[in-house]
Asker: 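Have a look at this one.
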There are 2 protein chains.
Amino acid sequence: MKLGEGVEAAIHCAAMLAGVEGNSTMAASAMAEAFGLSPSYLLKHLNMLTAARILESVSGPAGGYRLARSAERISLLDIVLAVEGREPAFRCGEIRRNGPVRLDASAYVKPCGINAAMLKAEKAYRAALAEAKLSDIVSEYVTDADPRSVAAGCAFVARHQRPQKSSSTKQA
Amino acid sequence: MKLGEGVEAAIHCAAMLAGVEGNSTMAASAMAEAFGLSPSYLLKHLNMLTAARILESVSGPAGGYRLARSAERISLLDIVLAVEGREPAFRCGEIRRNGPVRLDASAYVKPCGINAAMLKAEKAYRAALAEAKLSDIVSEYVTDADPRSVAAGCAFVARHQRPQKSSSTKQA
DNA sequence: CTATTGCAGATAAACATTATCCACGATAAA
DNA sequence: TTTATCGTGGATAATGTTTATCTGCAATAG
């Protein structure tokens, strides 16, 4: 079982975007720089987040990304599913049917118990991720992490966030 | 997030082996046939299970595999970890350190909160899998599944299991 | 001795992930 | 209106992992 590296990038970016003020945005290039990531590839993941309506994007100069809703209403599950897809990790291939003894399909109406058990475990996984809000991640970071790191992070955000023309959607 | 197909094969094989009597064994080729799997590749997974001491193997003609302990003491977690490895799904690349602002390593002694949250979720996943015993899978199968399927499965096991020369380890 | 079976390693084929690039539409600022 | 910046989408390559096969070897029942 393995999660792609994009998950880590996506969560860090979302956490950073939680720090921008009002409806300001931050460019993808800034976030790529902040984490030492490939800018062109990071765009792919940010796009997934935008498609899932976790982020909003603004085109043009002074454009960039911002959270589409408050950090309290974004869970790690939202982000993980957006980046990794909503498919369960265990996919039942129904190999029990593939043997030389071919029974009628009616013999397999009951769902495979193995599949059920695996799905139940994944449900527990997702429930735990759903509990973890982006706002918790941020506030734990602010209280627990080394002050130098927090200061550097805040400075970076302050330096790179870009105010918008007022306009459009909802404002803080 | 994705689990390899080997997990499904491994669990089905283990469940089938739970049906063999005493210290009898079943050949890998028989199990491959039962599930329509590639025999040579299935061996790889069975080997993982043997290395993890979930299965025991017997060489030679009339050889094969059997459970290394009772089905009550084998959990789905045991099997998943044996086949997929013990690494957590989320691997923290510490990308928070990779930005242009290089802080001293002492600024990062506290573990990354994102990593902690992801690991916590995976802990819940593993706990759920640890609860699921192979014996539960088997007994639910026997009571819930279509009688035709159960009968066919039992017949297959009875036909392919092979008694051993008494000898060796522990007997039922 | 021989046939069957599991084991280890090399290797190939198929697929997924990671990464880069380019043409494009949007837009803020000059 | 022009220009430069930025996100979007698609094409494409580089890389790595999973899946699969094969071969030679050790074990062993008959």
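Values below: every heavy atom of this structure, side chains too, minus hydrogens, waters and symmetry copies. In what follows, chains carry the letters A, B, and so on, assigned in the order in which the sequence lines appear, proteins first and then strands, with residues in each chain numbered from 1.
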Asker: If only atom types and distance count, is the side chain of Glu122(B) paired as donor or acceptor with the main-chain N or O of Tyr125(A) below 3.5 Å?
Answerer: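 No; zero donor-acceptor contacts below 3.5 Å.
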Asker: CD of Glu8(B) versus C1' of dT18(D): gap in Å, rounded?
Answerer: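 It works out to 15 Å between those atoms.
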Asker: Check this for me: Arg102(A), atom CZ, are more than 12 non-hydrogen atoms of other residues, nucleotides or ligands nearer than 6.0 Å?
Answerer: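 Yes.
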Asker: Can I get a per-line list of side-chain donor-acceptor pairs under 3.5 Å for residues 143-155 of chain B, giving both atom names and the distance, sequence neighbours left out?
Answerer:
residue: Thr143(B); atom: OG1; partner: Ser139(B); partner atom: O; Å: 3.0
residue: Thr143(B); atom: OG1; partner: Glu140(B); partner atom: O; Å: 3.2
residue: Asp146(B); atom: OD1; partner: Arg148(B); partner atom: N; Å: 2.8
residue: Asp146(B); atom: OD1; partner: Arg148(B); partner atom: NE; Å: 3.0
residue: Asp146(B); atom: OD2; partner: Arg148(B); partner atom: NH2; Å: 3.0
residue: Arg148(B); atom: NH1; partner: Ser106(A); partner atom: OG; Å: 3.2
residue: Arg148(B); atom: NH2; partner: Ser106(A); partner atom: OG; Å: 2.9
residue: Ser149(B); atom: OG; partner: Tyr141(B); partner atom: OH; Å: 2.9

Asker: Taking only N/O atoms, report every protein-nucleotides 2-5 of chain D pair under 3.5 Å with atom names and distance.
Answerer:
residue: dT5(D); atom: O2; partner: Pro61(A); partner atom: N; Å: 3.1

Asker: To the nearest angstrom, how far is Leu43(A) atom CG from dA26(C) atom C1'?
Answerer: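 So the two atoms are 15 Å apart, to the nearest Å.
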Asker: Please tabulate, one pair per line, each protein N/O and nucleotide N/O from nucleotides 16-19 of chain C that are separated by under 3.5 Å, including the distance.
Answerer:
residue: dT18(C); atom: OP1; partner: Glu5(A); partner atom: N; Å: 3.0
residue: dT18(C); atom: OP2; partner: Tyr41(A); partner atom: OH; Å: 3.4

Asker: Enumerate the side chain to side chain donor-acceptor pair (under 3.5 Å) contacts for residues 81-101 of chain A, please, sequence neighbours excluded, ordered by first and then second residue.
Answerer: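 Only Glu94(A)-Arg96(A), Glu94(A)-Arg97(A) qualify under side chain to side chain donor-acceptor pair (under 3.5 Å).
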Asker: Expressed in angstrom and rounded to an integer, what is the separation of Leu46(B) atom CG from dA20(D) atom C1'?
Answerer: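 Going from CG in Leu46(B) over to C1' in dA20(D) covers 15 Å.
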Asker: Using whole Å, report how far CD of Glu56(A) lies from P of dT27(C).
Answerer: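 Value for this atom pair: 14 Å.
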Asker: Taking side chain as C-beta onward, heavy atoms only, is Glu5(B) less than 4.5 Å from Ile95(A)?
Answerer: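 No. Closest side-chain heavy atoms not under 4.5 Å.
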Asker: Under 4.0 Å between a side-chain N/O of Asn47(B) and OP1 or OP2 of dA8(C), yes or no?
Answerer: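 For Asn47(B), the contact criterion (side-chain N or O under 4.0 Å from OP1 or OP2 of dA8(C)) is met.
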Asker: What pair of heavy atoms forms the shortest contact from Arg66(A) to Asn23(A), and how long is it?
Answerer: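 Result for this residue pair: NH1-O, 2.6 Å.
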Asker: For the pair made of CD in Gln164(B) and C1' in dG6(C), what is the distance, rounded to whole Å?
Answerer: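 It is 12 Å, rounded to the nearest whole Å.
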Asker: Table please: side-chain donor-acceptor pairs of residues 29-55 of chain A below 3.5 Å, with sequence neighbours left out.
Answerer:
residue: Ser38(A); atom: OG; partner: Tyr41(A); partner atom: N; Å: 3.1
residue: Thr50(A); atom: OG1; partner: Leu46(A); partner atom: O; Å: 2.8

Asker: Are Gln161(A) and Thr25(A) linked by a side-chain donor-acceptor pair shorter than 3.5 Å?
Answerer: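 No pair is found: no donor N or O on one side chain lies under 3.5 Å from an acceptor on the other.
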Asker: Could you tell me how far apart Leu37(A) (CG) and dT20(C) (P) are, to the nearest whole angstrom?
Answerer: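 To the nearest whole Å, that distance equals 11 Å.
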Asker: Could you check whether any side-chain heavy atom of Lys133(B) comes within less than 4.5 Å of a side-chain heavy atom of Ile74(B), counting everything from C-beta outward?
Answerer: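 The answer is no, as the side chains (C-beta and beyond) never meet within the 4.5 Å cut-off.
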Asker: Does anything in residues 26-36 of chain B come within less than 4.0 Å of DNA chain C? Heavy atoms only, and list the residues if so.
Answerer: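 Listed by number, they are Ala27(B), Ala28(B).
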Asker: Strictly distance-based, threshold 3.5 Å: is any side-chain N or O of Gln164(A) a donor or acceptor partner for the main-chain N or O of Ala62(A)?
Answerer: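 It does hold such a pair.
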Asker: Specify the separation, in whole Å, of atom CG of Leu42(A) and atom P of dT8(D).
Answerer: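 It is 12 Å, rounded to the nearest whole Å.
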Asker: Show the nearest heavy-atom pair for residues Tyr65(A) and Leu17(A), with the distance to one decimal.
Answerer: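 Looking at all heavy atoms of both residues, the shortest contact is O-CD2, 3.3 Å.
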